[in-house]
Amino acid sequence: MNTEVKKKEYTLEEIARHFETSVSALEHRIIICGGTGCIANGSLAVRDAIKEELEKAGKKAKVVLEGELDHPFNGTYLSKSGCQGFCQMGPLVRIEPEGIFYCRVKPEDAAEIVHTTLLSGEIVERLLYTDPATSKRCRKENDVPFYARQSRTVLRNYTIEPENIEEYISREGYFGIRKALLENTPEGICQLMIDSGLRGRGGGGFPTGLKWKFTLASPGPKKYVICNGDEGDPGAFMDRSVMEGNPHAVLEGMMIAGKAIGADEGVVYVRAEYPLAVERMRNAVADAEKYGLLGDNIFGTGFNFRIRIMEGAGAFVCGEETALIASVEGKRGMPMPKPPFPAQSGLYGKPTVINNVETLASVAYIVREGAEKYRSCGTEKSPGTKTFALTGHVANTGLIEVPFGTTLREIVYNIGGGVTDNAGKVTGEDFKSVQIGGPSGGCLIPDMLDLPLDFDSLKSVGAMVGSGGLVVMNKQTCMIKVARFFMQFTQNESCGKCVPCREGTRQMLALLDDIIEGRADASTLELLEETAKAVQLGSLCGLGKTAPNPVLSTLRYFRKEYEAHVFEKRCPAGECKALAFPKIDPVKCKGCTACAKQCPVGAISGEIKKPHKIDETKCIKCGACKATCRFKAIQ
């Protein structure tokens, strides 16, 4: 982009044509994934290595496009993108205009890519993705089932250079806010959001248009828009990826929200643990101001709007609206009773709209394309798409986007490529559960594989969409340890303001420890369930009210596993060390039969001078075998 010219002198259409002209003159464009995951795996080193190899071959190469208005660059442009989603296969490299898609690229592959593909027009076969189901090598991204089965709206611009505002504008960026300012009233924008059915993607699923309408109706000359980028769920990275990859979409959504409610100021609250997202959001604000798209009298309409970026201190509770507001005000992040709601009295006591990143990134699309088109995807009560962070025991981990109503089976087996065992091998019958919604969510079991994922269907089975984390678990997973993991997380993150959450989560954690360590009895399960329900009912904010969900859902669907721990002192998954059965090391076992002779229940069998085995269904874990073995073969 040309930083020497005042960008506000150009219309959006002129800026878009400028960028398109620049790109059309390129010999090649190489798009390297610049999301946090791929950068950590060396993607920028790959970019630099390819640039170096091109220059060695006498070819022109740039990593930044600027100054091309009068003299278009006709070499190779090596741009970075945000997260392209297929994290399992990163670093990812796309070569345009051929559309070649390479995965797991390393800096040492640069020379081969340059000489084989860029100079000779041939494919480096070993860098193509191989579909394990068909053994087919996928030359283009759309040939890869992981991508082909998705429907991307929020992530539709995932290959653009996130720090080039001109490329965002070339994809109809800021056309939405222009339309909102020139063709809509605040009431009309609120009604458009209501008609679209857009619901909050932060977890609650409250209708966005209604929230805006309530805030618009609140009296007062000063109002605020807050973008909640405090994504704290374990295993969740959707909002981070949107801010890193398409920051201008978030800013544009905030501006439209500002017009809808009568606000002139916005705050993006981002976790300090997301330094790349913070950097790119700040750069986006600076560029938007430089182009006259943020500031005073935007598009000559008299609408003023400014945005600042604030780093949060990493408290999970600050994902709750009132705690987030307290943090922005410089106070300790602790929730406040409602009412009043933020729409009535929010930041500095002024009416405030708070939406999460994904919600705001959907807004401009709705304004440009209309409510009917947005509703054409998803379900009647949950229109549109949802991004999910797919992790755990699944072949293809990464960031995905699918329409609401997509089944869990489609996500796990088709997009995710199937469930893996602990060695990483895909198995046909190893699916046990999916934890959805993080610490606030619940587990889904094999009977729910064909359940359409939307706000209402998940609520009916005791789970929730949450922010969009999907953690897949195989049959070697202990569900009590999973419940304990989330309980420990929420107990650590409790702000301590209310007794039910502060003390209740602590007691639930202690009870789960008793179960895992073999100290539990029949009363433990009863007390655990009672405590969970008390915390759910009595807590002040959403953190405490939803903290018991992983415990209650595992109690509901894996009761027999809990009972095995409590009554049989046995962990069916073999993960709880205190309840683990002794095992015989076949390498150390000499087949002396001493252990079999000492076993009081006949649980050990085997031939003389051959490794013996222990039948876990008979074993009472008395320790007699281990005490008898002279070869230390029993652990």
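Counting only residues at least two apart or in different chains, side chain to side chain donor-acceptor pair (under 3.5 Å) contacts with residues 499-510 are absent.
Side-chain contact between Leu512 and Val551 is present, with heavy atoms from C-beta onward closer than 4.5 Å. Using a 4.5 Å cut-off on side-chain heavy atoms (C-beta onward), Arg199 and Thr208 make no contact. Side-chain contact check for Asn356 versus Thr359: some heavy-atom pair is nearer than 4.5 Å. By the 4.5 Å heavy-atom criterion applied to side chains, Ser345 and Pro351 are not counted as neighbours. In this structure, the side chains of Ile366 and Leu198 come closer than 4.5 Å at one or more pairs of heavy atoms. In this structure the side chain of Arg306 never reaches within 4.5 angstrom of the side chain of Leu294, judged on heavy atoms. Residues His248 and Asn157 form no side-chain contact, since every pair of their non-hydrogen atoms from C-beta on lies 4.5 Å or further apart. Looking at Asn355 and Trp212, their side chains come closer than 4.5 Å, going by heavy atoms from C-beta outward.
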Intermediate values then yes/no, ring-ring contact (aromatic ring centres under 6.0 Å, His included), Phe489 and Phe316:
CA-CA 9 Å; Phe489 178 86; Phe316 180 65; 5.0 Å; yes
Verdict with reasoning, Val402 to Ser151, per side-chain contact (heavy atoms from CB on, under 4.5 Å)
CA-CA 5 Å; Val402 294; Ser151 178; over 6 Å; no
Given salt bridge (Lys or Arg N to Asp or Glu O under 4.0 Å), test Glu561 with Lys432 step by step and report yes or no.
CA-CA 12 Å; Glu561 194 163 332; Lys432 184 171 187 177; 2.9 Å; yes
Could you go through Tyr348 and Ile325, starting from their C-alpha distance and side-chain angles, then the distance that decides it, and tell me whether this counts as side-chain contact (heavy atoms from CB on, under 4.5 Å)?
CA-CA 8 Å; Tyr348 305 119; Ile325 288 171; over 6 Å; no
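The pair Lys222-Glu265 meets the salt-bridge criterion, with a side-chain N (NZ, NE, NH1 or NH2) lying under 4.0 Å from an Asp/Glu carboxylate O. The pair Glu172-Arg178 fails the salt-bridge criterion, with no side-chain N (NZ, NE, NH1 or NH2) lying under 4.0 Å from an Asp/Glu carboxylate O. For Asp456 and Lys381, the salt-bridge test fails: no basic side-chain N is under 4.0 Å from an acidic carboxylate O. A salt bridge links Glu311 with Arg282; the closest basic N to acidic carboxylate O contact falls under 4.0 Å. Ionic pairing of Arg375 and Glu380 is not present here: no N-O contact between side-chain nitrogen and carboxylate oxygen is shorter than 4.0 angstrom. Taking the charged nitrogens against the carboxylate oxygens, Arg240 and Glu273 have no contact shorter than 4.0 Å, which rules out a salt bridge. With salt bridges taken as basic N to acidic carboxylate O contacts below 4.0 Å, none links Lys213 and Glu187. Using a cutoff of 4.0 Å between basic side-chain nitrogens and carboxylate oxygens, Asp513 and Arg484 are scored as salt-bridged. Ion pairing of Arg556 with Glu529 is absent here, as no side-chain N (NZ or NE/NH1/NH2) approaches a carboxylate O to less than 4.0 Å.
Between atom NZ of residue Lys80 and atom CD1 of residue Ile39 there is a gap of 7.5 Å, rounded to the nearest 0.5 Å. Atom CG of residue Leu251 and atom CZ of residue Phe305 lie 9.0 Å apart, to the nearest 0.5 angstrom. Here Glu161 contributes atom CD and Asn246 contributes atom CG; the two are 11.5 Å apart, rounded to the nearest 0.5 Å. Rounding to the nearest 0.5 angstrom, the gap separating the CZ atom in Phe237 from the CD atom in Glu244 is 10.5 Å. The distance from atom CD1 of Ile515 to atom CG of Leu528, rounded to the nearest 0.5 Å, is 5.0 Å. Residue Leu390 holds its CG atom at 10.5 Å from CZ of Phe86, rounded to the nearest 0.5 Å.
Side chain of Ser362 to main chain of Glu358: a donor-acceptor pair is present (N/O by atom type, distance under 3.5 Å, no hydrogens or angles). The closest donor-acceptor contact from the side chain of Asp230 to the backbone of Val270 lies at 3.5 Å or more, if one exists at all. Between the side chain of Thr322 and the backbone N or O of Pro335, no donor-acceptor pair lies under 3.5 Å. A donor-acceptor pair is defined here as one N or O able to donate and one able to accept, closer than 3.5 Å; such a pair exists between the side chain of Thr490 and the backbone of Phe486. Not a single donor-acceptor pair under 3.5 Å links the side chain of Asp287 to the backbone N or O of Ile165. At least one donor-acceptor pair under 3.5 Å links the side chain of Ser460 to the backbone N or O of Ser457. Without hydrogens or angle criteria, Arg368 side chain to Gly173 main chain gives no donor-acceptor distance under 3.5 Å. Judged by distance alone, the side chain of Lys350 and the main-chain N or O of Tyr224 form no donor-acceptor pair under 3.5 Å. At distances below 3.5 Å, not a single donor-acceptor pair connects side-chain atoms of Ser327 with backbone N or O atoms of Leu324. With hydrogens and angles disregarded, no donor-acceptor distance shorter than 3.5 Å links the side chain of Ser494 to the backbone of Gln491.
When every heavy atom of Phe303 is checked against every heavy atom of Met255, the shortest pair comes out as CZ-O, 3.7 Å. Across all non-hydrogen atoms, the minimal contact from Phe455 to Gly200 is CZ-O, 3.6 Å. Here the shortest heavy-atom pairing between Gly319 and Asn228 reads O-ND2, 3.0 Å. Minimum interatomic distance between Thr379 and Gly405 (heavy atoms only, all atoms of both residues): CG2-CA, 3.7 Å. When all heavy atoms of Ala323 and Val317 are compared, the pair lying nearest together is CB-O, 3.3 Å. Looking at every heavy atom in both residues, Cys318 comes nearest to Gly333 through SG-CA, 3.8 Å.
Counting heavy atoms of neighbouring residues, nucleotides and ligands inside a 6.0 Å radius, atom NZ of Lys179 exceeds 12 of them. The environment of Met336 atom CE is sparse: at most 12 non-hydrogen atoms of other residues, nucleotides or ligands sit within 6.0 angstrom. At most 12 non-hydrogen atoms from other residues, nucleotides or ligands lie less than 6.0 angstrom from NZ of Lys459. With a 6.0 Å radius and a threshold of 12 heavy atoms from other residues, nucleotides or ligands, Arg332 has its CZ atom at or below the threshold.
A cation-pi contact links Arg152 to Tyr158, judged by a cut-off of 6.0 Å to the six-membered ring centre and 45° from its axis.
Of the N and O atoms on the side chains of Thr407 and Glu410, not one donor lies less than 3.5 Å from an acceptor on the other residue. Judged purely by distance below 3.5 Å, without hydrogens or angles, the side chains of Tyr365 and Thr153 never pair a donor atom with an acceptor atom. Donor-acceptor pairing under 3.5 Å is lacking for the side chains of Thr387 and Glu401. Side chains of Asn492 and Gln488: a donor-acceptor N/O pair is absent below 3.5 angstrom, by distance only. Counted by atom type alone, Tyr274 and Glu231 present one or more donor-acceptor pairs between their side chains at under 3.5 Å.
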Result block: side-chain N/O donor-acceptor pairs under 3.5 angstrom for residues 533-544, not counting sequence neighbours:
{"unit_1": "Gln536", "atom_1": "NE2", "unit_2": "Asn549", "atom_2": "OD1", "d": "3.2"}
{"unit_1": "Ser539", "atom_1": "OG", "unit_2": "Val535", "atom_2": "O", "d": "2.7"}

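Of the candidates Leu444, Leu470, Val472, Val472 is the only one forming a side-chain contact (heavy atoms from CB on, under 4.5 Å) with Val412.
The aromatic ring centres of Tyr291 and Tyr174 sit 6.0 Å or more apart.
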